[in-house]
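All remarks here apply to the structure that follows.
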Amino acid sequence: MPLQLFNTLHRQKEEFKPIDAKNVKLYCCGPTVYNYAHIGNLRTYVFEDLLRRTIARAGFGLTHVMNITDVGHLQSDADDGEDKMAIASQREQKSPWDIAKFYEEAFFADCRKLGILKPHIVCRATDHIAEMQTMITTLEEKGYAYKAGGNQYNVYFDTAKFPHYREFARQPEAQDAQGRVDADDNKRNPADFVLWFTLAGSKYPNQIMKWESPWGEGFPGWHIECSAMASKYLGDKIDIHCGGIDHIPVHHTNEIAQSEGCFGHQWVNYWLHGEFLLLDNDKMAKSKDGFLTLQKVLDAGYSAMHYRYLILTAHYRGQLNFSWDSLDGARATYDTLCHKADEWRAAFPVAAQPGAAAKTVIQKIDAAMQDDLNSPVALSVLWEAMRNDALPVPDKLAILDGADSALGLGGVTLDKPELTREQEDYLSLRDTARREKNWPEADRLRAVLLETGLMLKDRPEGSSWYFVTPPAKKA
RNA sequence: GGCGCGGUGGCAGAAUGGCGAUGUAGAGGACUGCAAAUCCUCGAAUGCCGGUUCGAUUCCGGCCCGUGCCUCCA
């Protein structure tokens, strides 16, 4: 079965037909690096990682591009808010460049822990000011841009000149006026958006990140960066563009208007959007208090893979309500899978070629993923195989390997740090106690070892152990 | 106010016009010095009311509830 993807453009599942099967062009909207990513943000990047893996396993070559927004993303309503980078800069008493560098590194560290493959090309907005200016100039020449009056000569995109402006979001035009944001007097139309902010006479003349331009010293609007960078690296026709579902009505709508205005033809063939993670049935947002970072999850005694597994149990187009209970379930499931895998590997250390039965299971997993990334079904297929006595262990190991490649399961292995001296001593004391049939002492030492993160398994030939993550290990 | 999405066992979450996956949690059993792990067995769910149909959890309508967007947002 061919790869099927839900295309936001037509609100339906469609067969994926690439422009060039040897090089699928995939662009993903990246983070604004003014703060840590929260686990809701990270869910979207896991979804994009699954998409990338699925495209590759379906036999296509691809180029995966992601931007880093390090300038131009405004804080507040309308278009007169302050740049988020500038606010973070004041908050932390660092230059905006240092802020961007710090949070970009933190973001990729989170991604590594979550098994998210790094995009082939990562591009920063601040490295592409010239490309954005070129694009704005083209839009001016084609009549899509205008300079606003007043004392703030920003350059705006004129949405009235782009008749298809509302098609993507499917928002009726009449609703613009009823939005809760006060109209910007400079705009000809409430939906118009800034391409270039000019500092002279603006509310924030001391913005540190600024560049010379044909319109005066200033900085680019948020939306133009994605259009400029995507087309620089992928050309003016892109296969897939994805991001969070919240980007449909504004950011992606504006990207389409700019890019298609500039290029004069359809820009992106497939738009894919990941749904939100909810926390206590509410949206988790960077601009709200108390968002959960991956580090907080780690501090609570879970691994990044436990969180990834939780994400995989839900379909990317449905909201997922995060709770510690559901994360507990994901942890138990993932650890059980790893534990089985480790035992099987110990028994069959040499990897075998998958037999016909294993290949069939792996194909089913791939088929589930190729059906609009149905990871819950893929996991269901995996578990049925793991508990199928008819499958020999080497086949199960081959299936695990395939599932790891398709779903990014972090190698399906439990952490095996070195034993501490203390742990070795306790183990040896306990062996002695067991030989002497001193059961109370053996039980006591087992409890002590569990607190250090060692789970014991007693066998006739002696005790073995494996690592578990006790709750509150690091908290 | 407008435009959407969703309500499935304790929890998470698929699928489907006719046996409602999978995992976790729970109960019982095998095994074990006792456990753990593993395995076996079991109990447990389609928000409410109508309609279409031989048959609805699925399709249609209404209601209730939750949630998202129209503002920065993954």
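All values below come from the heavy atoms of this structure, side chains included, with hydrogens, waters and symmetry mates left out. Here is how names work: the chains are called A, B, and so on, in the same order as the sequence lines, proteins then strands, and each is numbered from 1.
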Say you pick atom [atom1] in [N] and the same atom in [M]; how far apart are they, in whole Å?
{"N": "B/rU38", "M": "B/rG18", "atom1": "C1'", "answer": "37 Å"}
{"N": "B/rC31", "M": "B/rG9", "atom1": "P", "answer": "37 Å"}
{"N": "B/rG17", "M": "B/rU52", "atom1": "C1'", "answer": "11 Å"}
{"N": "B/rC40", "M": "B/rG7", "atom1": "C1'", "answer": "35 Å"}
{"N": "B/rU22", "M": "B/rC42", "atom1": "P", "answer": "12 Å"}
{"N": "B/rA15", "M": "B/rG51", "atom1": "P", "answer": "29 Å"}
{"N": "B/rC39", "M": "B/rU24", "atom1": "P", "answer": "9 Å"}
{"N": "B/rA14", "M": "B/rU53", "atom1": "C1'", "answer": "26 Å"}

Which nucleotide in the list [options] gets nearest to the side chain of [X]?
{"X": "A/Tyr45", "options": "B/rA14, B/rA74, B/rA37", "answer": "B/rA74"}
{"X": "A/Leu277", "options": "B/rU24, B/rA74, B/rA14", "answer": "B/rA74"}
{"X": "A/Val250", "options": "B/rU67, B/rU71, B/rA21", "answer": "B/rU71"}
{"X": "A/Ala314", "options": "B/rC34, B/rU38, B/rG13", "answer": "B/rG13"}
{"X": "A/Trp383", "options": "B/rU67, B/rG23, B/rA25", "answer": "B/rG23"}
{"X": "A/Ser380", "options": "B/rG33, B/rU22, B/rG13", "answer": "B/rU22"}

Check if the side chain of [X] and the base of [N] share a donor-acceptor pair of N or O atoms closer than 3.5 Å.
{"X": "A/Ser326", "N": "B/rA12", "answer": "no"}
{"X": "A/Arg446", "N": "B/rA35", "answer": "yes"}
{"X": "A/Asp443", "N": "B/rG33", "answer": "yes"}
{"X": "A/Asp389", "N": "B/rC39", "answer": "no"}

Next item on the list: Report the residue (A/Gly30 or A/Tyr466) whose heavy-atom-nearest nucleotide on RNA chain B is the more 5′ of the two.
Entry: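 Looking at RNA chain B, the more 5' nearest nucleotide goes with A/Tyr466.
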
Check: In terms of the nearest nucleotide of RNA chain B, which residue is placed more toward the 5' end: A/Ala442 or A/Ile245?
Finding: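 The residue mapped nearer the 5' terminus is A/Ala442.
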
Notebook entry, point to check: Partner of B/rG33 by Watson-Crick or G-U wobble geometry, both contacts under 3.5 Å, or none?
Noted result: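 Pairing partner, where one exists within any strand: none, as none qualifies.
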
Would you call [X]-[Y] a salt bridge at under 4.0 Å N-O?
{"X": "A/Glu48", "Y": "A/Arg52", "value": "no"}
{"X": "A/Arg331", "Y": "A/Asp335", "value": "no"}
{"X": "A/Glu343", "Y": "A/Lys457", "value": "yes"}

Notebook entry, point to check: Looking only at side-chain N and O atoms, does A/Arg387 come under 4.0 Å of OP1 or OP2 in B/rC39?
Noted result: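 For B/rC39, OP1/OP2 do have a side-chain N/O of A/Arg387 under 4.0 Å.
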
Notebook entry, point to check: Does a side-chain N or O from A/Lys340 land closer than 4.0 Å to OP1 or OP2 of B/rG23, or not?
Noted result: no

Scan [X] against the nucleic acid and name what it touches under 4.0 Å (heavy atoms): base, sugar-phosphate only, or nothing.
{"X": "A/Glu343", "result": "nothing"}
{"X": "A/Arg444", "result": "nothing"}
{"X": "A/Gly243", "result": "sugar-phosphate"}
{"X": "A/Asn374", "result": "sugar-phosphate"}
{"X": "A/His251", "result": "nothing"}
{"X": "A/Val381", "result": "nothing"}
{"X": "A/Arg43", "result": "nothing"}
{"X": "A/Leu320", "result": "sugar-phosphate"}
{"X": "A/His247", "result": "sugar-phosphate"}

Check: With ring centroids as reference points, do A/His273 and A/His247 lie under 6.0 angstrom apart?
Finding: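 Not close enough - the centres of the two rings lie 6.0 Å or further apart.
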
Check: Under 6.0 Å between ring centres, would you say that holds for A/His128 and A/Tyr233?
Finding: yes

Margin query: Could you tell me if the side chain of A/Asp458 sits less than 4.5 Å from the side chain of A/Arg434, heavy atoms only?
Written below: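 Yes; the side chains approach each other to less than 4.5 Å.
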
Next item on the list: Can you establish whether the number of heavy atoms outside A/Tyr426 located under 6.0 Å from its atom OH is more than 12?
Entry: no

